[in-house]
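For the numbers below, each heavy atom of this structure counts, side chains included, while hydrogens, waters and symmetry mates do not.
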Amino acid sequence: MNNHSKIYAALLITVLAWLVSACQKQPDEIKYDTSNNRDASKTQFKKQGEVYFQDSLKNLRKKIDVEIAENEETRHLGLMFRESMKEEEGMLFLFPAEEYQSFYMKNTIMPLDIIFVNAKKQIVKIHRNTTPYSEASLPSMKPSIYVVEVIAGFTDKYKIQEGDVIDWRKF
């Protein structure tokens, strides 16, 4: 390869790298269409699976029906704008990797219990009775791959605690 070919190849690689980086968006740059999300308050619950809360000996404490948020858009929207939810309903968030997670309550009307779960399906952190509309960070404190949102007071009522386990199935 002569010098001109090397320079041309280096220039081509530089331009391609610039184009790729210019086209990629960081998570905070991704724009979500929230113009119609206020209609989410009228969204009917759609059962997509079930979550089973169990103590550390796998004794069932409570089963709930869940909607499943498994892509970036549904995980971002979560339960925002929803006005109510039944005690036997919730939302299960599935993440692609076990890592530290953090949620907030922006545009979330009802208080929730937010339950962070690791890859072993063990509950690692519970944020109880979260504050509606708050933008305060609610971190997992340990790596998690699943998050379950239920109405506030659910974890106290059914004595669900850190160290308990979940199981789930998708329909």
Please evaluate residues Arg61 and Gln161 with respect to the criterion side chain to side chain contact (heavy atoms under 4.5 Å, CB included), reporting the C-alpha separation (whole Å), side-chain torsions for both, the decisive distance (0.1 Å), and the verdict. CA-CA 11 Å; Arg61 291 190 191 270; Gln161 55 196 357; 4.0 Å; yes
Apply side chain to side chain contact (heavy atoms under 4.5 Å, CB included) to residues Leu112 and Val150 and explain how you reach the verdict. CA-CA 6 Å; Leu112 301 171; Val150 292; over 6 Å; no
Between Lys86 and Ile151, the two heavy atoms sitting closest are O-CG2, 4.2 Å
Could you tell me whether the side chain of His127 and the main chain of Ser140 form a donor-acceptor pair under 3.5 Å? no
Starting from Val165, can I reach Leu94 by hopping between I/L/V/M/F/W/Y residues whose side chains sit under 4.5 Å apart? no
Quickly, which of Val117, Val124, Asn118 forms a side chain to side chain contact (heavy atoms under 4.5 Å, CB included) with Lys120? Name it, please. Asn118
Could you measure the distance from the NZ atom of Lys170 to the CD atom of Gln48? Nearest 0.5 Å is fine. 8.0 Å
Counting N and O atoms only, with roles assigned by atom type, does the side chain of Ser102 sit under 3.5 Å from a partner on the main chain of Ser137, one being a donor and the other an acceptor? no
CG of Leu92 to CD1 of Ile68: how many Å apart, nearest 0.5 Å? 5.5 Å
Donor-acceptor pair, side chain of Asn129 and main chain of Ala152, under 3.5 angstrom: no
Exactly one of Val66, Val147, Ile145 should register a side chain to side chain contact (heavy atoms under 4.5 Å, CB included) with Phe93. Which one does? Val147
Measure the CG-CE distance between Asn107 and Met80 for me, rounded to the nearest 0.5 Å. 5.5 Å
Looking at Gly153, is its backbone amide N or carbonyl O close enough to the side chain of Arg128 to form a donor-acceptor pair, meaning the two atoms are under 3.5 Å apart? no
May I have the step-by-step check of side chain to side chain contact (heavy atoms under 4.5 Å, CB included) for Met85 and Met110, ending in yes or no? CA-CA 9 Å; Met85 185 168 61; Met110 58 190 160; 3.8 Å; yes
Going through the distances and angles, do Glu87 and Ile64 end up as a side chain to side chain contact (heavy atoms under 4.5 Å, CB included)? CA-CA 8 Å; Glu87 183 176 284; Ile64 63 168; over 6 Å; no
Ring centres under 6.0 angstrom apart (Tyr146, Phe116): no
Given 3.5 Å as the limit, does a donor-acceptor pair link the side chain of Ser134 with the main chain of Thr131, or not? no
Between Phe53 and Phe154, is the gap from one ring center to the other below 6.0 Å? yes
Leu79 versus Thr108, closest heavy-atom pair with distance: O-CG2, 4.2 Å
For Glu99 and Pro143, indicate whether the former's side chain and the latter's backbone hold a donor-acceptor pair under 3.5 Å. no
For a quick test of reading the model, state the closest non-hydrogen atom pair linking Asp164 to Asp55 and the distance between them. OD1-CA, 3.6 Å
Looking at Arg82 and Glu89, does any basic side-chain N land under 4.0 Å from a carboxylate oxygen? no
Do Glu149 and Asp113 come within less than 4.5 Å of each other through their side chains, counting heavy atoms only? no
Can you tell if the side chain of Ile123 reaches within under 4.5 Å of the side chain of Ile166, non-hydrogen atoms only? yes
Considering non-hydrogen atoms only, spot the tightest contact between Ile160 and Ile126 and give its length. O-CD1, 3.6 Å
Distance, nearest 0.5 Å, that separates NZ of Lys62 from NZ of Lys159: 13.5 Å
Heavy-atom closest pair (Phe45 atom, Gly90 atom, distance to 0.1 Å) is CE1-O, 3.6 Å
Rounding to 0.5 Å, atoms CZ (Phe103) and NZ (Lys125) come to a distance of 14.5 Å
To the nearest 0.5 Å, tell me how far Glu67 CD sits from Lys46 NZ. 6.5 Å
How about Lys47: does its NZ atom have over 12 heavy atoms from other parts shown lying under 6.0 Å from it? yes
Check the hydrophobic clustering (I, L, V, M, F, W, Y; side-chain heavy atoms under 4.5 Å; chains of links allowed) and say if Tyr158 and Trp168 are grouped together. yes
Write down the atom of Met91, the atom of Ala69, and the distance for their closest heavy-atom approach. SD-CB, 4.1 Å
Derivation and outcome, salt bridge (charged side-chain N to carboxylate O under 4.0 Å, His left out), residues Lys63 and Glu88: CA-CA 7 Å; Lys63 175 191 82 73; Glu88 297 81 22; over 6 Å; no
Should Glu50 and Arg169 count as an ion pair when the cut-off is N to O under 4.0 Å? yes
